[in-house]
Amino acid sequence: MTKVSERLNRLSESATLAMARMSRELKEKGHNVIALSLGEPDFDTPNFIKESAKKAIDDNFSHYTPVPGMIELRKAISEKFKRDNNLDYSPEEIVVSTGAKQSLANVCLSLLNDGDEVLLPAPYWVSYSEIVKLAEGNPIEIPSSIDNDFKVTAKEIEKYITPKTKILMFSSPCNPSGTVFTQSELEEITEMLEKYPDIYIIADEIYEHINFTGNHFSIGTISSLKGRVITVNGVSKGFAMTGWRVGFIGAPLWIAKACNKIQGQVTSATCSISQKAAETAMIANPSEIMFMKDIFLKRRDLVLNKISEIEGMKCNVPQGAFYLFPDVSYYFGKSDGENIINNSDDLCLYLLNSCYVAFVSGTAFGNPECIRISYAASEENLIEAFNRIKIQLEKLK
Ligand code: PMP
Ligand code: GLU
């Protein structure tokens, strides 16, 4: 019998990381696994960013920095917010953390009391619900439809508001659906939220630079929401810097101070060298990294085309991030004579074990009819993966 806390017992293992672990284990056994499970760019960090980190090491930039991040970095983020997003956050309203994952955890731990509700338009990123639970809150899923590009409307959100609602949390571009909310859709949601001044909004914009519409809109720019929006961002996705562990928030001062207080007791500031690298990334002209978005768009179209050749996979056309989230419910109840597919978890395990292609089940993203495909992989691997799964899926009758 284990003695872990009830808090931990309520928590699930990260589904994305679990699938990454299972793929690694099969690879170690010698299988040729194509992992389209973990959401991370397959590009290397750009050279100009790496150079600044090397210089930071040589300059002995190796000490603790202030807990919310060094002031030069927070100034660069403040200017980036203004330049790219038209957001006004002063350096004091910015907290840099060990990845946007920690930023989200800091905010939830700062704001939630036991039983407070957090609205999560589904599908949502796997860690949202678990971070909310860790902070003793209740995640409340708001379902959406693939036929509406997985978008929830203001009216649909409003139906789920109760006196306990504390936060609305969403990502745009969205992980896992790739959905991008337009300015007018976010304005409509804002108009509804004006009636509920006690609800905070966590806007996760980590896929900002992987947006095929060319228009990224930040809900934090809407003046009627002033004092209520926490904008989350980071360098992991847009700058191919997942391992450097730098994420950040812009938030009302009292929330930034609260996050600083938590971080000061849990991790202190993130790595000093990574902060120098992130400063270079923030100062850079975003055009320096746009080549990655262009390549992602080409891959999206390639995979959409491959999916259209597979009977039973229904997909929207995502406008951002590097994921597809097809509905695979067509296969539920089918079998290859040996394995019965009852849900998307079964389908992912079937594909992983039979043809060594890893996806993540939609269950942990709040939509059990779907699977998540990360197309942050080479064209060659994407083509090979879809050739393999087409053969395996045709065996299901
Ligand atoms: N938000 C979303 C929507 C994500 O997909 C991720 C995954 N990396 C994160 C936040 C956290 O990113 P990181 O901790 O690497 O900054
Ligand atoms: N966010 C990425 C994903 O969704 C990385 C894995 C993780 O941090 O959970 O796959």
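Note that ligands are numbered from 1 as they come in the structure, with each ligand's atoms numbered from 1 the same way.
Checked against a 3.5 angstrom limit, the closest N/O atoms of Ser127 and ligand 2 fall outside it. For a threshold of 3.5 Å applied to N or O pairs, the pair formed by Val126 and ligand 2 contains no separation below that value.
Using a 4.0 Å heavy-atom cutoff, Arg245 is listed among the residues neighbouring ligand 1. The closest approach between any non-hydrogen atom of Ser236 and ligand 1 is below 4.0 Å. Residue contact annotation: Gly99 has a non-hydrogen atom under 4.0 Å from ligand 1.
In this structure, the protein non-hydrogen atom closest to atom 12 (O) of ligand 1 is Ile206 CD1, 3.5 Å. Of the protein's non-hydrogen atoms, Ala100 N, 2.7 Å is the one closest to atom 16 (O) of ligand 1. Protein heavy atom nearest atom 3 (C) of ligand 1, with residue, atom name and distance: Asp204 OD2, 3.3 Å. Counting protein heavy atoms only, atom 7 (C) of ligand 1 is closest to Lys237 NZ, 3.0 Å.
Between Glu136 and Arg10, at least one side-chain nitrogen of the basic residue sits less than 4.0 Å from a carboxylate oxygen of the acidic one, meeting the salt-bridge criterion.
Shown in contact with Trp125 at under 4.0 Å from a heavy atom are these atoms of ligand 2, numbered in order with element: 1 (N), 3 (C), 4 (O), 7 (C), 8 (O), 9 (O).
Contact annotation for Glu40 and ligand 2: no heavy atom of the residue comes within less than 4.0 Å of the ligand. Under 4.0 Å from ligand 2, heavy atoms of Leu38 appear from its side chain as well as its backbone.
Judged by a 6.0 Å distance limit and a 45° cone about the ring axis, Lys237 is not positioned over the six-membered ring of Tyr207.
In this structure, a donor-acceptor pair under 3.5 Å is absent between the side chains of Thr213 and Gln319.
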